[in-house]
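Notes follow once the structure below has been shown.
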Amino acid sequence: NGAHKPVPGAGADAGAAFVLESKGTWWHAGFHLTTAIVGPTVLTLPYALRGMGWALGITTLSLIAAVTFYEYSLMSRVLDHCEARGRRHIRFRELAADVLGSGWMFYFVVIVQTAINTGVSIGSILLAADCIEIMYSSLAPNGPLKLYHFIIIVAVVLAFLSQLPSFHSLRHINLVSLLLSLGYTILVSAACIRAGLSKNAPAKFYSLSSSKSEQTFNAFLSISILASVFGNGILPEIQATLAPPAAGKMMKALVMCYSVIGFTFYLPSITGYWAFGSQVQSNVLKSLMPDSGPALAPTWLLGLAVLFVLLQLLAIGLVYSQVAYEIMEKNSADVTQGKFSRRNLVPRLLLRTLYLAFCALMAAMLPFFGDIVGVVGAVGFIPLDFVLPVIMYNIALASPRRSTLYIANTVIMAVFTGVGAIGAFASIRKLVLDAGQFKLFSNNVVD
């Protein structure tokens, strides 16, 4: 079982030395965290509220925000605790294997993280291509280009940006990403307020589905959407980019990230649900651009929002590819030679480009990826972000079994394990219900 022993010192392998180099400040970690959590998925939040109504929706949104902040702070404390004892972990898989003392945990985390990261990369490419298609079809309604052409364009841009060698080298891109998320949140929310007040405004109904079972499924689907919107899954790798000692810095980064979350999550969810009520679509931009009738917001505003979303998706694709790149570097690069030596540059160029080519192929082949992401969210983010941190905290910091903290952690773990199971079922059910619309290599992204 020697393979899973923590590696003393960070210079031990190329994955650690090159991709997860520890040079960052707390605000750099804040930029990375914000990009990992705040994305165009905020535009699905009005749809999540639709499944639960005003009171329950806002309460659940606030509750999941509080729980995820608590979970991420616990995981950071476990990392600090290990670092103080001379075992600094820079990978989620090694942290879990060390604290839980089990080799299979290492592989469980690798598999779940890989599923999430590849899923997010495929989703980013698909959504970015969809953004270009929206802009293209409004400029050239009968143009010859198809969705797969735009997927190729996005993949080529990402392959170029992926040559930035380390997570730390994305800090400027991730600052821009944070500003872009604030930008499109303000634009879309302003458009929703304008649409809600205009004379073309759709009638507002906030009633839930009349059937009780449908209501229950919708509520759990909404919780599953919220869990994956707040999901991260790469917090230890982000903490790894901090210059040692990392203790305490992550809390500042989390406070910064959740300040942005407070603004970018509540504003569009409240304005979007207020403007469109139970008619809101799974992406509020689609509600602002209905298939029939005029757009409910000025074209320049919608165009700018779509452009901001497109640019931010590139940053998200890069952040979530880092774990895959770190695994590749660990196994292909020679740590004794320079980061930019030909020996290390060629495998990096080839492997990262091949990875993105695979993601692009999957995006073109499966344009109904939104439903698959729902399943990945329930099955992937819930164990990594809601269940493992509390187990690791209870074990690593040995909380007394009768203490309030231990009981609270156990309750959170039990509740979210249940939510994950039902959310996965609700997501798979939606996948099955939508199966009739799916066509491989289709030119339309299925909602």
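- A donor and an acceptor atom, one from each side chain of Thr68 and Tyr258, are located under 3.5 Å apart.
- Ring pair Phe230/Phe381: centre-to-centre distance not below 6.0 Å.
- Minimum heavy-atom separation, Leu384 to Ile116: CD1-CD1, 3.9 Å.
- With Glu94 contributing its side chain and Arg88 its backbone, the two residues share no donor-acceptor pair below 3.5 Å.
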Does Thr417 form a side chain to side chain contact (heavy atoms under 4.5 Å, CB included) with Ile382? I'd like the steps, not just the answer. CA-CA 7 Å; Thr417 305; Ile382 284 186; 5.9 Å; no
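- Between the side chains of Asn409 and Asn394, at least one donor N or O lies within less than 3.5 Å of an accepting N or O.
- Although no hydrogens or angles enter the test, the distance criterion places no donor-acceptor pair under 3.5 Å between the side chain of Ser166 and the main chain of Val19.
- Side-chain atoms of Asp385 come within 3.5 Å of backbone atoms of Gly233 as a donor-acceptor pair (strictly under, hydrogens ignored).
- Under a 3.5 Å cut-off, the side chain of Ser22 and the backbone N or O of Ala240 do form a donor-acceptor pair.
- In this structure, the side chain of Gln337 does not engage the main chain of Asn344 through any donor-acceptor pair within 3.5 Å.
- Put simply, the side chain of Ser403 gets close to the backbone of Tyr406: a donor and an acceptor are under 3.5 Å apart.
- Thr44 contributes atom OG1, which lies 12.0 Å from atom CZ of Arg50 (distance to the nearest 0.5 angstrom).
- Checking side-chain atoms of Ser76 against main-chain N and O of Tyr72 turns up no donor-acceptor pair under 3.5 Å.
- Lys249 places a side-chain N or O within donor-acceptor distance of the main-chain N or O of Pro245, the cut-off being under 3.5 Å.
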Show your working on side chain to side chain contact (heavy atoms under 4.5 Å, CB included) between Leu126 and Leu147 and close with a plain yes or no. CA-CA 9 Å; Leu126 182 63; Leu147 183 66; 4.2 Å; yes
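- Residues Leu158 and Leu314 come closest through the heavy atom pair CD2-O, 3.4 Å.
- No more than 12 heavy atoms of other residues, nucleotides or ligands sit less than 6.0 Å from atom CZ of Arg77.
- Taking CG of Leu170 as the reference point, atom OG of Ser321 lies at 9.5 Å (rounded to 0.5 Å).
- For the 3.5 Å distance criterion, the side chains of Tyr47 and Gln281 fail to qualify, holding no donor opposite an acceptor.
- Looking at heavy atoms from C-beta onward, Leu56 lies out of side-chain contact with Leu49 at the 4.5 angstrom threshold.
- Inter-residue side-chain proximity for Leu285 and Leu302 is flagged as met; some heavy-atom pair is nearer than 4.5 Å.
- Just one residue in the list Val112, Leu388, Leu235 forms a side chain to side chain contact (heavy atoms under 4.5 Å, CB included) with Phe92, and that residue is Leu388.
- You'll find the side chain of Arg91 stays beyond 4.5 Å of the side chain of Pro236, heavy atoms only.
- If you run side chain to side chain contact (heavy atoms under 4.5 Å, CB included) between Val229 and each of Ile261, Leu43, Leu45, Leu61, only Leu45 comes through.
- Counting only heavy atoms from C-beta outward, the side chains of Lys330 and Ile327 never approach each other to under 4.5 Å.
- The neighbour count for Trp27 CH2, taken as heavy atoms of other residues, nucleotides or ligands under 6.0 Å away, does not exceed 12.
- More than 12 heavy atoms of other residues, nucleotides or ligands lie within 6.0 Å of CZ in Phe263, so this atom counts as buried by the packing criterion.
- What you find for Ile125 and Cys359 is that their closest heavy atoms are CD1-CB, 3.7 Å.
- Atoms OG and CD1, on Ser62 and Ile58 in that order, are 6.5 Å from each other to the nearest 0.5 Å.
- Side-chain atoms of Phe425 and Phe220, non-hydrogen and from C-beta on, never get closer than 4.5 Å to each other.
- Between Arg348 and Leu345, some side-chain heavy-atom pair lies under the 4.5 Å cut-off.
- Remark: the backbone N or O of His89 is not paired with any side-chain donor or acceptor of Glu83 at under 3.5 angstrom.
- In this structure, CG on Leu139 lies 12.0 Å from CD1 on Ile134, to the nearest 0.5 angstrom.
- Side-chain contact of Gln239 with Asp80: a donor-acceptor pair under 3.5 Å is present, judged by distance alone.
- Minimum interatomic distance between Phe31 and Arg171 (heavy atoms only, all atoms of both residues): CD1-O, 3.6 Å.
- Of all heavy-atom pairs between Arg87 and Asp98, the closest is NE-OD2, 2.8 Å.
- Between the side chain of Ser228 and the backbone N or O of Ile225 there is at least one donor-acceptor pair closer than 3.5 Å.
- With respect to the salt-bridge test (charged N to carboxylate O, under 4.0 angstrom), the residues Lys339 and Glu21 qualify.
- Two residues are said to be in side-chain contact when any heavy atoms from C-beta on lie closer than 4.5 Å; Val260 and Phe265 fail this criterion.
- The distance from atom OH of Tyr266 to atom OG1 of Thr271, rounded to the nearest 0.5 Å, is 14.0 Å.
- Inspection of the Thr35 and Ser177 side chains reveals an N or O donor paired with an N or O acceptor under 3.5 Å.
- For Tyr184 and Phe308, the ring centers are positioned 6.0 Å apart or more.
- Taking every heavy atom of both residues into account, Met75 and Pro389 meet most closely at CE-CG, 3.9 Å.
- Between Trp54 and Trp274, some side-chain heavy-atom pair lies under the 4.5 Å cut-off.
- Checking Ser162 against Tyr325 by side-chain atom types alone, a donor-acceptor pair falls below 3.5 Å.
- Between the OH atom in Tyr355 and the OG atom in Ser121 there is a gap of 3.5 Å [rounded to 0.5 Å].
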Check step by step if side chain to side chain contact (heavy atoms under 4.5 Å, CB included) holds for Leu405 and Tyr393. CA-CA 10 Å; Leu405 192 65; Tyr393 185 85; 3.3 Å; yes
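- For the pairing with Leu33, the side chain to side chain contact (heavy atoms under 4.5 Å, CB included) check across Leu254, Val319, Leu178 returns one residue only, Leu254.
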